[in-house]
Participant: 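Input: one structure, supplied below.
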Amino acid sequence: RAQRLVLGENLVAEEWEIQHRNGESRILSISTSILLGEEGRIYILGLIQDVTTQKQAEATHRLLQERLEFLLDSSPAMIYSCKPDGDYAATFISRNVEQILGYEAEEFLNEESFWASRLHPDDRERIFTGISDLFKHGIHKHEYRFLHHDGHYVWIRDELRVVADDEGQPIEIIGYFADISDLSLIHISEPTRPY
């Protein structure tokens, strides 16, 4: 290691696991650098930090992330967030949208009017008009037909909520929608039932 330093290779943030005298396992981050002093003298500067707590927090975060991803991917509902204006373009959508509607999540995110352009023409005006209730009450739900990737329409139940800043200005809409096509008999007799 010392020979590598003399050759000009700094060793930065190596991690070592050690056993503390109290029996606990600790993780140390060891950074080593070369300093060139007067008269060509070489100094080796080392910094040792106990990063055990940080590493435990990172492991906990990874575990929570994996749990969340599993729950989102296996849920029958598609979780999303979107802009609070315009065509309400998606800013996030769970990956299970591919299993349920046939689209990849990136398609929702990369095309500004993706959601709006796939609403059934007979439902579009009612849905956009109804969204005004969302901004009045903070929450809203509605049902509409949405174009599946395969080219047929499916009935969707969409429940959404506004996220606002400290001044009460909408900054995002969050919600979920689910395929309720199995309830199609209800919709045949009542095709545009608003909430």
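Just the heavy atoms: all of them, side chains too, but no hydrogens, waters or symmetry mates, feed the values below.
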Participant: Report the C-alpha separation of E107 and F114 in whole Å, then their side-chain angles, then the decisive distance to 0.1 Å, and conclude whether the side chain to side chain contact (heavy atoms under 4.5 Å, CB included) test is met.
Facilitator: CA-CA 7 Å; E107 294 179 79; F114 189 90; 3.7 Å; yes

Participant: Let me confirm one number: the CD1-CD distance from I18 to E24, rounded to the nearest 0.5 Å.
Facilitator: 11.0 Å

Participant: May I ask you to say whether E172 pairs ionically with R161, meaning some side-chain N is under 4.0 Å from a carboxylate O?
Facilitator: no

Participant: Closer than 3.5 angstrom, by distance alone: can the side chain of N96 be matched with the main-chain N or O of A77 as a donor-acceptor pair?
Facilitator: yes

Participant: Check for a donor-acceptor pair, side chain of R124 on one end and backbone N or O of A116 on the other, with a separation under 3.5 Å.
Facilitator: yes

Participant: How long is the straight-line distance from CD1 of I156 back to CD of E143, given to the nearest 0.5 Å?
Facilitator: 10.0 Å

Participant: Distance only, no hydrogens: is a donor on one side chain within 3.5 Å (strictly under) of an acceptor on the other, for N22 and H20?
Facilitator: yes

Participant: Step by step, would you call I79 with I93 a side chain to side chain contact (heavy atoms under 4.5 Å, CB included)?
Facilitator: CA-CA 6 Å; I79 309 299; I93 191 159; over 6 Å; no

Participant: Are the aromatic ring centres of Y80 and Y176 under 6.0 angstrom apart?
Facilitator: no

Participant: Is L147 reachable from L101 through a run of hydrophobic residues whose side-chain heavy atoms are each under 4.5 Å from the next?
Facilitator: yes

Participant: Might you point out which heavy atoms bring S113 and D87 nearest each other, and give the distance in Å?
Facilitator: CB-OD2, 3.2 Å

Participant: Measure the spacing between CE of M78 and CZ of F108 and express it to the nearest 0.5 Å.
Facilitator: 7.0 Å

Participant: Can you tell me if E125 has over 12 outside heavy atoms packed within less than 6.0 Å of its CD?
Facilitator: no

Participant: At what distance, to the nearest 0.5 angstrom, does CD of E98 lie from CD1 of I100?
Facilitator: 11.0 Å

Participant: Would F146 and F128 show up in the same hydrophobic cluster when neighbours are defined by side-chain heavy atoms closer than 4.5 Å?
Facilitator: yes

Participant: Which atoms form the tightest heavy-atom contact between D158 and Y144, and what is the distance?
Facilitator: OD2-OH, 2.7 Å

Participant: Testing the basics here: between I27 and D50, what is the closest heavy-atom pair and its distance to 0.1 Å?
Facilitator: O-OD1, 3.4 Å

Participant: What verdict does the side chain to side chain contact (heavy atoms under 4.5 Å, CB included) test give for R145 and D122, after you've listed the backbone C-alpha separation in whole Å, the side-chain angles of each residue and the deciding distance to 0.1 Å?
Facilitator: CA-CA 9 Å; R145 288 161 287 185; D122 294 342; 3.6 Å; yes

Participant: Within this structure, what is the OG1-NZ distance for the pair T91 and K83, rounded to the nearest 0.5 Å?
Facilitator: 8.5 Å

Participant: Identify the heavy atoms of C82 and A90 that sit nearest to each other, and give their distance.
Facilitator: CB-CA, 3.9 Å

Participant: Would you say the side-chain atoms of D123 pair up with the backbone N or O of L119, donor to acceptor, closer than 3.5 Å?
Facilitator: no

Participant: Would you check if the side chain of D165 reaches a backbone N or O of E167 as a donor-acceptor pair within less than 3.5 Å?
Facilitator: yes

Participant: Measure the acute angle between the ring planes of Y103 and H148, then classify it against the limits of 30° and 60° as parallel, tilted or perpendicular.
Facilitator: tilted

Participant: If Ile, Leu, Val, Met, Phe, Trp and Tyr residues are connected whenever their side-chain heavy atoms lie under 4.5 Å apart, and connections chain through other members, are I171 and I174 in the same group?
Facilitator: yes

Participant: Quick check: closest heavy atoms across S181 and W155, and the distance to 0.1 Å?
Facilitator: OG-N, 3.1 Å

Participant: Nearest 0.5 Å, please: how far is CZ in R126 from NE2 in H142?
Facilitator: 8.0 Å

Participant: So which atom in P84 and which in I173 form the shortest heavy-atom distance, rounded to 0.1 Å?
Facilitator: CA-CD1, 3.8 Å

Participant: Using side-chain contact (heavy atoms from CB on, under 4.5 Å) as the criterion, point out the one residue from T52, T53, V51 that pairs with K55.
Facilitator: V51

Participant: Determine, for E111 against R118, whether the closest basic-nitrogen to carboxylate-oxygen distance falls under 4.0 angstrom.
Facilitator: yes

Participant: Kindly assign one of parallel, tilted or perpendicular to the pair W115 and Y88, based on the angle between their ring planes and the thresholds 30° and 60°.
Facilitator: perpendicular

